[in-house]
Amino acid sequence: MVEVVNVVASGSLGVELDLEAIAGDLDSIVDYDPDKYPGAYFRFGDSAPLITLYRTGKYIITGASSEKEARTVREEFLNILSGRKILPSAEDDWFQLQNYVCMSEVGENLNLSALAIGLGLEVTEYEPEQFPGLVYRPAEHDCVLLVFGSGKVIITGATSIQDTEEAFNTFQKRIVDLFP
DNA sequence: TAACTAGCTTCTTATATAACAATGCATG
DNA sequence: CATGCATTGTTATATAAGAAGCTAGTTA
């Protein structure tokens with residue numbers, strides 16, 4: 001069982017934009033400081049996901065806790081832009097989920113030094129003085145697992161929940177094999 | 001010297017450590 | 001009232017991904 005804690009997605013409106021004008025118009029939800037960063041930040045609500053919009057019309061969504069939430073804020077974002085006549089229609093060129101950050105746990109405390117050897121030193125990094133978690137890059141999955149002594153695991157870098165679940169399941173099976 | 005590439009900035013989120021700052025409370 | 005210890009809070013460390021723009025370094 002893995003729980004999604006963060007989703008990153010990106011898309012493109014397909015048009016060049018005047019961020020200065022948009023930020024002035026949508027003052028209450030847009031934060032734009034080109035000296036600090038070239039993107040304009042959109043946020044609908046206090047703990048809502050963040051949308052970063054760029055001059056080129058490309059944008060990214062961070063901080064959503066599900067694919068559904070990411071798609072919902074995207075729609076709200078497109079509706080506001082089309083409603084303000086910034087965009088001709090509430091549609092965009094493409095939209096893709098880029099990264100899932102998930103949390104799970106194996107249900108027991110883990111000896112990370114032993115785990116590093118068990119999983120293989122070429123696929124793990126464990127330097128407790130630098131960071132308390134073990135970094136595991138499984139050869140058969142396109143994602144990274146951060147494993148902690150408490151048994152909690154962070155899976156990040158996958159572009160679908162299925163990949164994340166598969167990576168965690170094979171990891172958990174390996175734990176059982178290594179520490180029966 | 002121009003063009004190119006690589007690396008960094010910003011942001012989000014869980015996780016867990018240490019090191020530090022700042023505050024609270026009690027005792028002398 | 002001042003000093004000491006304890007607690008709470010913040011920062012750093014590391015991970016992935018997207019985006020634009022700046023800088024630094026390399027190469028022709």
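Here the structure is a predicted model, which is why all the values come from computation and not from measurement.
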- Look at the side-chain N and O atoms of A/R43 and state whether any lies under 4.0 Å from the OP1 or OP2 oxygen of B/dC11. no
- Roughly how many Å is it from CG in A/D33 to P in B/dT10, rounded to a whole number? 12 Å
- Atom pair distance, as rounded to whole Å: CD in A/E129 and C1' in B/dA18: 11 Å
- Query: Rounding to a whole Å, what distance do you find between A/E16:CD and C/dA20:C1'?
  - Reply: 11 Å
- Message: Is the terminal nitrogen or CZ of A/R74 (NZ for Lys, CZ for Arg) located under 6.0 angstrom from the six-membered ring centre of A/F95 and within 45° of that ring's axis?
- Response: yes
- Message: Ignoring hydrogens, what is the shortest heavy-atom contact between A/E105 and A/F168? Give both atom names and the distance.
- Response: O-CZ, 3.6 Å
- For A/K36 and C/dG21, is the shortest distance between a side-chain N/O and OP1 or OP2 below 4.0 Å? no
- Query: Side-chain donor or acceptor of A/Y100 under 3.5 Å from a matching atom on the base of B/dA14?
  - Reply: no
- To the side chain of A/K152, which of B/dT12, B/dT15, C/dA19 is closest? B/dT15
- Search all heavy atoms of A/L26 against all heavy atoms of A/I80 and return the closest pair with its distance. CD1-CG2, 3.9 Å
- Message: What I want to find out is whether A/R43 reaches A/D31 closely enough, with some N-O distance under 4.0 Å, to be called a salt bridge.
- Response: no
- Options C/dA20, B/dA16, C/dA16, nucleotide nearest the side-chain atoms of A/F148: B/dA16
- Task: Could you check whether A/T56 gets within reach of a base, just the sugar-phosphate, or nothing at all, counting any heavy atom under 4.0 Å?
- Result: sugar-phosphate
- Is the shortest distance from a Lys or Arg side-chain nitrogen in A/E140 or A/R174 to a carboxylate oxygen in the other one below 4.0 Å? yes
- Could you tell me whether the phosphate oxygens of C/dA14, OP1 or OP2, come under 4.0 Å of any side-chain nitrogen or oxygen in A/Q130? yes
- Query: B/dT12 P sits how many Å from A/Y59 OH, rounded?
  - Reply: 19 Å
- With a 4.0 Å cut-off on heavy atoms, is A/L50 in touch with a base, just the backbone sugar-phosphate, or nothing at all? sugar-phosphate
- Query: Between A/Y59 and A/W94, what is the shortest heavy-atom contact and its length?
  - Reply: OH-O, 4.4 Å
- Query: Of all the choices, C/dA16, C/dA17, C/dA20, which nucleotide is nearest to the side chain of A/Y37 once you look at every atom?
  - Reply: C/dA20
- Determine if A/F131 stacks with C/dA14; use a centre-to-centre distance below 5.5 Å and an interplanar angle below 30° as the criteria. yes
- Would you kindly give the CG-to-P distance between A/L53 and C/dA20, to the nearest whole Å? 10 Å
- Query: Which whole-number value in Å describes the distance from A/Y126 OH to B/dT15 P?
  - Reply: 18 Å
- Assign A/S65 to base, sugar-phosphate, or nothing according to its heavy-atom contacts below 4.0 angstrom with the strands shown. nothing
- Item | Distance, rounded to the nearest Å, where A/Y136 contributes OH and B/dA14 contributes P | 25 Å
- Query: Mapping A/P128 and A/T156 to their closest nucleotides on DNA chain B, which lands nearer the 5' end?
  - Reply: A/T156
- Grab the CD-C1' distance between A/E67 and B/dT13 for me, whole Å please. 17 Å
- Between A/R55 and C/dA19, is there a side-chain N or O to OP1/OP2 distance below 4.0 Å? no
- Task: Mind checking A/V8 for me? I need base, sugar-phosphate or nothing, with any heavy atom below 4.0 Å counting as a touch.
- Result: base
- Note on the structure: Side-chain atoms of A/P132 come closest, of C/dT13, B/dT15, C/dA19, to C/dT13
- Ignoring backbone atoms, establish whether A/S150 has a side-chain N or O less than 4.0 Å from OP1 or OP2 of B/dA16. yes
- Item | Side chain of A/V101 (C-beta onward), nearest among B/dA14, B/dT15, B/dT12 | B/dA14
- Note on the structure: Assert: residue with more 5' nearest nucleotide on DNA chain B, out of A/Y41 and A/V5, is A/Y41
